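Structure, as structure tokens:
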Amino acid sequence: MDSGRAQIVERGVLTAPNETWDVAVRRAEVIGRLAAGLRVGLAAADAAAAELGLSRRQVYVLLGRWRAGEGVVSDLLPRRSSGGRKLGRVPAAVETVMAEVIRSRYLDRQRRSVAAVYREVVRRCRSGGLPVPARSTLARRIEALDPAATATAREGADGARRLRPAGGEPPSIEGLLQQVQIDHTPVDLEVVDERHRLPIGRPYVTAAIDVASRCVVGLVITLEAPSALSAGLCLAHTVCDKRPWLERLGLQATWPMSGKPHEIHVDNAVGFRSEALRRGCAQHGITLTYRPKGMPHFGGIIERLIGTMMQMVHELPGTTFSNPAERGNYDSQATAVLTVTELNRWLALAVAAYHGQVHGTLGQTPAGRWAEGLAAGDRPATVTSETAFLVDFLPVIRRTLRRTGFTIDHVHYYSDALKPWIARRDGLEKFVLRRDPRDISRIWVLDPNGHTYLPVPYRTLSRPPISVWEQRAAIARLRQDGRAQVDENALFAMVEQMRQITETAAAKTRRARREVERRSATPAPRAASPAPLPPTSPPVEGCVDDEPVRPFEVIEQW
């Protein structure tokens, strides 16, 4: 039985010109009669030669081709003489000159034209007393180069990507949360602020999708550019029960998909290579895998998810579409109506509806595939405290403990709980501190034994919560004002002054409104300091919610 691996050759049945094919058919009629006999005498060969207009020698050659072949017309298609082509009639010294000029002048990032390269060949040949080759000879040498290697040399790795096969197969994924793909993108939508309902720009979305079930397991909308914090927030959303989050949004939608991934698959962006993300994943036993460079299909599932989400967003008022050409004269800012919170609600409903639709690749709904996995015993572990989990993914800072506590960027932090460590600080190394950039009113300090995180607030508790972006802007403003030394009092005074200016300008400028909205997204301060958090919270088994998904408009499958 044919294994399917035999090579099938096109021998001219379709590619031979009509005149050439007719000659071969006539030859087959005459030569086929001759080949029927055991021996072909001179008289028969001469008669066939006269009939075909060939010499006796050519008749015997055709007879040999017929018998050596398969006895089909294409065996007798006329063959062209090479005429000496490709027989190396160019002197070796000239070949060397052309090869060197192609290497040094053509295969480089300057991307010189064939004409410019040929002029250099002519110059070198004449200066060396060598015959000058034709330009077509040089062009054939260039055409014979490997296209992918040529594109890499002239355009770089990205330029050669279109010429290379996809290469490699993504690994097979079977179990729930065996692999989760995560990526960020700007949302193709202008959003408005909560107070003035005026445009503040485009937010960013970080999404996570479970490869096995195609369920969206994490989704975060921020006004900050993608970073390690965005990835950590998305992971925290992935591992925790989403019912409290949905309740805060005022939704009755069902989104039971949550749990700790075995592996997260990300691209090679800087935000995914931070120490915080690497250490956090290691802490929780999550394998952090980077997409092979030059193989975007390894992240195709999350790319399609984000692409489909943006296509849906293009139907909302205030969309920016994918590019200016597609947007045309549409005024995105004038038509914007949704706030970040409202966009979160809309996307949560869209995701809930998508989970209830049959997926073409799976042949069932993502929610059904998730429930099937749970029924088979594939129950992902969740975490009980989102805060405890997120702390392990916050940016890492290392500082020495002093009598007054810790100082980070001119801000002092202190707690009575630090006293035992202060007494023996001379024998301790630098402490590992973590800080949420959205709210620096407290830091998380890892105890010297590496067992628990201790929340440590501002030393001056009356200070307002601020973000790290406000802090940096205030420091920069103080430097501009000529302040050689920046102290905490001046820093917070500048922050307050900048906030007042921003509030006044919010009704007038888009940037100011965005700054106000970013500040309003800062996590609310707690009335009392919470108990120390362990680096890893104990897992509990997730559960499936049998409540049906609320209907929504038809959404393209991700």
Side-chain angles (χ1 to χ4, degrees), residues 176-177 180 182 203 205-210 212-222 229-262 264 284 286 305 309 338-357 365-393 436 438 521-524 526 530-531 533-534 536-552 555 558:
L176 297 183
L177 298 182
V180 169
I182 301 179
V205 60
T206 302
I209 187 168
D210 174 44
S213 66
R214 297 300 199 273
C215 288
V216 182
V217 291
L219 190 69
V220 173
I221 305 291
T222 68
L229 177 63
S230 306
L233 290 170
C234 187
L235 271 174
H237 192 243
T238 297
V239 303
C240 294
D241 188 346
K242 296 177 178 58
R243 283 176 291 188
W245 178 75
L246 292 170
E247 290 174 1
R248 289 195 297 271
L249 291 177
L251 298 177
Q252 300 297 321
T254 301
W255 194 343
M257 297 79 182
S258 61
K260 190 181 293 187
H262 298 283
I264 60 170
H284 290 274
I286 300 172
L305 163 64
M309 290 173 65
L338 294 179
T339 65
V340 171
T341 300
E342 290 163 348
L343 178 60
N344 261 310
R345 291 176 186 149
W346 189 87
L347 285 173
L349 287 173
V351 169
Y354 155 74
H355 285 157
Q357 297 175 6
T365 66
R369 173 66 185 88
W370 183 272
E372 187 179 274
L374 294 179
D378 190 7
R379 304 183 71 85
T382 58
V383 299
T384 55
S385 172
E386 182 176 357
T387 302
F389 182 86
L390 180 60
V391 163
D392 289 327
F393 291 88
D436 188 338
R438 302 168 300 167
T522 299
R526 308 187 190 285
L533 295 175
T536 306
S537 297
V540 296
E541 292 185 338
C543 61
V544 63
D545 193 332
D546 294 327
E547 182 182 343
V549 178
R550 291 182 60 187
F552 200 73
I555 301 173
W558 300 330

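If you're wondering where the values come from, they're calculated on a predicted model, not measured in any experiment.
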For Ser213, side-chain hydrogen bond (donor to acceptor under 3.5 Å, both in side chains) partners two or more places apart =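 Listed in chain order: Asp210.
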
Kindly indicate, with the supporting measurements, whether the criterion side chain to side chain contact (heavy atoms under 4.5 Å, CB included) is fulfilled by Leu347 and Ile221.
-> CA-CA 10 Å; Leu347 285 173; Ile221 305 291; 3.6 Å; yes

Search all heavy atoms of [X] against all heavy atoms of [Y] and return the closest pair with its distance.
X      : Y      : value
Pro203 : Leu343 : CG-CD2, 3.9 Å
Ser258 : Pro380 : O-CB, 4.0 Å
Ala208 : Thr238 : CB-OG1, 3.9 Å

Roughly how far apart are [X] [atom1] and [Y] [atom2], rounded to 0.5 Å?
X      : Y      : atom1 : atom2 : answer
Ile264 : Ile182 : CD1   : CD1   : 4.5 Å
Ile209 : Cys215 : CD1   : SG    : 8.0 Å
Leu219 : Asn344 : CG    : CG    : 7.0 Å
His262 : His284 : NE2   : NE2   : 15.0 Å
Asp241 : Leu246 : CG    : CG    : 8.5 Å
Arg248 : Thr341 : CZ    : OG1   : 11.0 Å

Decide yes or no for Ile286 and Lys260: does some side-chain heavy atom of the first lie under 4.5 Å from some side-chain heavy atom of the second?
->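 With C-beta onward as the side chain, the pair touches.
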
Decide yes or no for Arg345 and Leu349: does some side-chain heavy atom of the first lie under 4.5 Å from some side-chain heavy atom of the second?
->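 Not touching, per the 4.5 Å side-chain cut-off.
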
Apply the test side chain to side chain contact (heavy atoms under 4.5 Å, CB included) to residues Arg369 and Leu176: give CA-CA distance (whole Å), side-chain angles for both, the deciding distance (0.1 Å), then the verdict.
-> CA-CA 9 Å; Arg369 173 66 185 88; Leu176 297 183; 4.1 Å; yes

Verdict with reasoning, Trp370 to Leu177, per side chain to side chain contact (heavy atoms under 4.5 Å, CB included) = CA-CA 10 Å; Trp370 183 272; Leu177 298 182; 3.9 Å; yes

Where the side chain of Arg214 meets the backbone of Pro366, is there a donor-acceptor pair that is under 3.5 Å apart?
->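 No, the answer is negative, given that no donor and acceptor are paired below the 3.5 Å cut-off.
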
Show the numbers, then the answer: is there a side chain to side chain contact (heavy atoms under 4.5 Å, CB included) between Arg438 and Thr222?
-> CA-CA 11 Å; Arg438 302 168 300 167; Thr222 68; over 6 Å; no

What pairs with His237 under ring-ring contact (aromatic ring centres under 6.0 Å, His included), at least two apart in sequence or on another chain?
->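 So His237 forms a ring-ring contact (aromatic ring centres under 6.0 Å, His included) with Trp245, Trp255.
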
Not counting sequence neighbours, which residues clear salt bridge (charged side-chain N to carboxylate O under 4.0 Å, His left out) with Glu372? List them please.
->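 Glu372 satisfies salt bridge (charged side-chain N to carboxylate O under 4.0 Å, His left out) with no residue once adjacent residues are dropped.
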
